[in-house]
Amino acid sequence: MTDPDAPRIWDRDLAPVAALIGDPTRLAMLIALADGRALPAGELARHAGVRPATATAHLRQLVEAGLVSVRAQGRHRYHELAGPRVAGLLEALAQIAPPTSVRSLRSDRSARGLTEARTCYDHLAGRRGVELHDRLLTAEAIAPADERDHQLTASGLELLANLRIEGGALTSSRRVFARTCVDWTHRRPHLAGALPAALTNRFLELRWLRRGAGRELRVASDYDQRLDEWFASIGR
């Protein structure tokens with residue numbers, strides 16, 4: 001039994017959230033939503049391998065806890081993560097969790113795909129996300145603002161304009177601009193926030209990337225060439 005007079009490390013009650021995430025059914029649903037998509041309860045039930053009524057009960061708990069939000073579209077209701085902080089929580093847990101066992105060639109290919117390129121909520125992660133973080137810093141398109149956050153430079157503003165992305169709109173957004181997010185497959189940082197989300201979306205529009213199964217992103221055969229040309233466009 002917990003001693004009510006024992007010193008408290010945090011002024012937050014972590015146990016209810018930990019219990020919610022620790023349930024395999026609810027965790028499967030959260031992982032299905034971790035790529036930023038909004039999904040109906042029926043599809044989440046299939047992801048979790050449970051009946052629709054069971055899925056609805058679990059989703060109600062996640063919504064009440066503030067981990068999932070519901071968006072109505074006509075007669076349909078779609079569920080999505082309540083924000084990037086929830087996705088960040090799942091990524092943080094993945095950093096310390098043991099790997100799952102690979103039991104088939106298909107699961108091995110899936111694991112390799114996620115390691116190469118995937119979405120972390122709405123931004124690029126995996127090896128390609130780490131690479132993008134490093135190249136933006138090397139090109140001095142972003143500069144550290146503190147230990148976690150980065151700010152846009154004049155070179156970065158030009159670089160974004162060359163992709164037809166309005167940098168001023170990103171920096172004035174209420175969302176975090178570019179924050180270090182440790183990649184769980186590589187133990188090195190990629191970027192989270194408005195900047196990498198806008199870049200990922202633009203890369204998809206330009207077909208430098210395309211969506212695979214679940215969170216996987218597939219890289220175009222000329223992705224490296226296009227990325228090189230984009231970074232070389234600074235100062236032209």
Side-chain angles (χ1 to χ4, degrees), residues 1-2 10 12-126 129 175 181-185 192 197 200-201 204 209-218:
M1 182 174 179
T2 303
W10 292 297
R12 293 292 184 271
D13 187 1
L14 304 182
V17 175
L20 281 170
I21 296 176
D23 179 85
T25 297
R26 292 190 288 269
L27 182 58
M29 292 177 176
L30 291 171
I31 291 173
L33 296 172
D35 62 357
R37 292 181 299 168
L39 299 175
E43 187 166 345
L44 288 169
R46 287 192 292 274
H47 276 286
V50 297
R51 294 180 178 180
T54 302
T56 299
H58 282 292
L59 285 168
R60 186 180 303 114
Q61 294 180 64
L62 292 171
V63 171
E64 290 174 352
L67 297 176
V68 169
S69 59
V70 183
R71 173 161 50 87
Q73 187 172 325
R75 298 173 59 185
H76 303 284
R77 290 163 59 86
Y78 294 88
H79 298 78
E80 57 192 347
L81 293 188
R85 288 187 299 176
V86 182
L89 172 61
L90 297 175
E91 287 282 318
L93 288 172
Q95 292 176 39
I96 60 174
T100 56
S101 58
V102 176
R103 299 180 178 178
S104 67
L105 180 60
R106 181 178 181 181
S107 61
D108 179 63
R109 287 175 177 170
S110 177
R112 290 176 184 271
L114 291 175
T115 298
E116 176 69 8
R118 68 181 184 280
T119 51
C120 173
Y121 190 56
D122 59 0
H123 56 267
L124 179 61
R175 185 176 179 182
C181 178
V182 178
D183 195 280
W184 62 268
T185 54
T200 303
N201 185 61
L204 286 166
L209 299 171
R210 59 187 178 89
R211 295 193 182 276
R215 300 172 62 189
E216 182 183 355
L217 293 174
R218 296 179 180 172

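Owing to the predicted nature of the structure, the values given are computational and were not obtained by experimental measurement.
The OG1 atom of Thr119 lies 6.0 Å from the CZ atom of Arg211; values are rounded to the nearest 0.5 Å. Within the model, atoms CZ of Arg118 and CZ of Arg218 stand 15.5 Å from one another, a figure rounded to the nearest 0.5 Å. In this structure, Gln61 CD and Thr25 OG1 are separated by 10.5 Å, a value rounded to the nearest 0.5 Å. The line from CZ of Arg210 to CG of Leu217 is 10.5 Å long, rounded to the nearest 0.5 Å. Residue Ser69 holds its OG atom at 9.0 Å from CG of Leu33, rounded to the nearest 0.5 Å.
Every pair passing salt bridge (Lys or Arg N to Asp or Glu O under 4.0 Å) that includes a residue from residues 43-72 is listed here, sequence neighbours excluded: Arg71-Glu80.
Residues Pro84 and His123 have side chains not in contact (no heavy-atom distance under 4.5 Å, counting atoms from C-beta outward).
Here the closest heavy-atom approach between residue Cys120 and residue Arg215 is recorded as CA-NH2, 3.6 Å. When every heavy atom of Arg26 is checked against every heavy atom of Ala19, the shortest pair comes out as NH2-O, 3.5 Å. The shortest non-hydrogen separation linking Ala55 to Ala45 is CB-CB, 3.6 Å. Taking each heavy atom of Leu59 and Ala41 in turn, the nearest pair found is CD1-CB, 3.7 Å. Considering all non-hydrogen atoms of both residues, Ala34 and Leu81 come closest at CA-CD1, 3.8 Å.
When the ring-ring contact (aromatic ring centres under 6.0 Å, His included) test is applied to His79, no partner is found at least two apart in sequence or on another chain. Residues passing the salt bridge (charged side-chain N to carboxylate O under 4.0 Å, His left out) test with Arg85, sequence neighbours excluded: none. Applying the side-chain contact (heavy atoms from CB on, under 4.5 Å) test to Val182 and every residue at least two apart in sequence or in another chain returns Gln95. By the side-chain contact (heavy atoms from CB on, under 4.5 Å) test, Leu27 pairs with Ile21, Ile31, Leu90, sequence neighbours left out. By the side-chain hydrogen bond (donor to acceptor under 3.5 Å, both in side chains) test, Asn201 pairs with Glu205, sequence neighbours left out.
Between the side chain of Thr200 and the backbone N or O of Leu124, at least one donor-acceptor pair lies under 3.5 Å. Thr54 contributes no side-chain N or O that, together with a main-chain N or O of Val50, makes up a donor-acceptor pair within less than 3.5 Å. Remark: the backbone N or O of Ala197 is not paired with any side-chain donor or acceptor of Asp122 at under 3.5 angstrom.
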Intermediate values then yes/no, side chain to side chain contact (heavy atoms under 4.5 Å, CB included), Leu39 and Tyr78 | CA-CA 5 Å; Leu39 299 175; Tyr78 294 88; 5.7 Å; no

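Applying side chain to side chain contact (heavy atoms under 4.5 Å, CB included) to His58 and the options Val63, Asp23, Leu20 leaves one that passes, Asp23.
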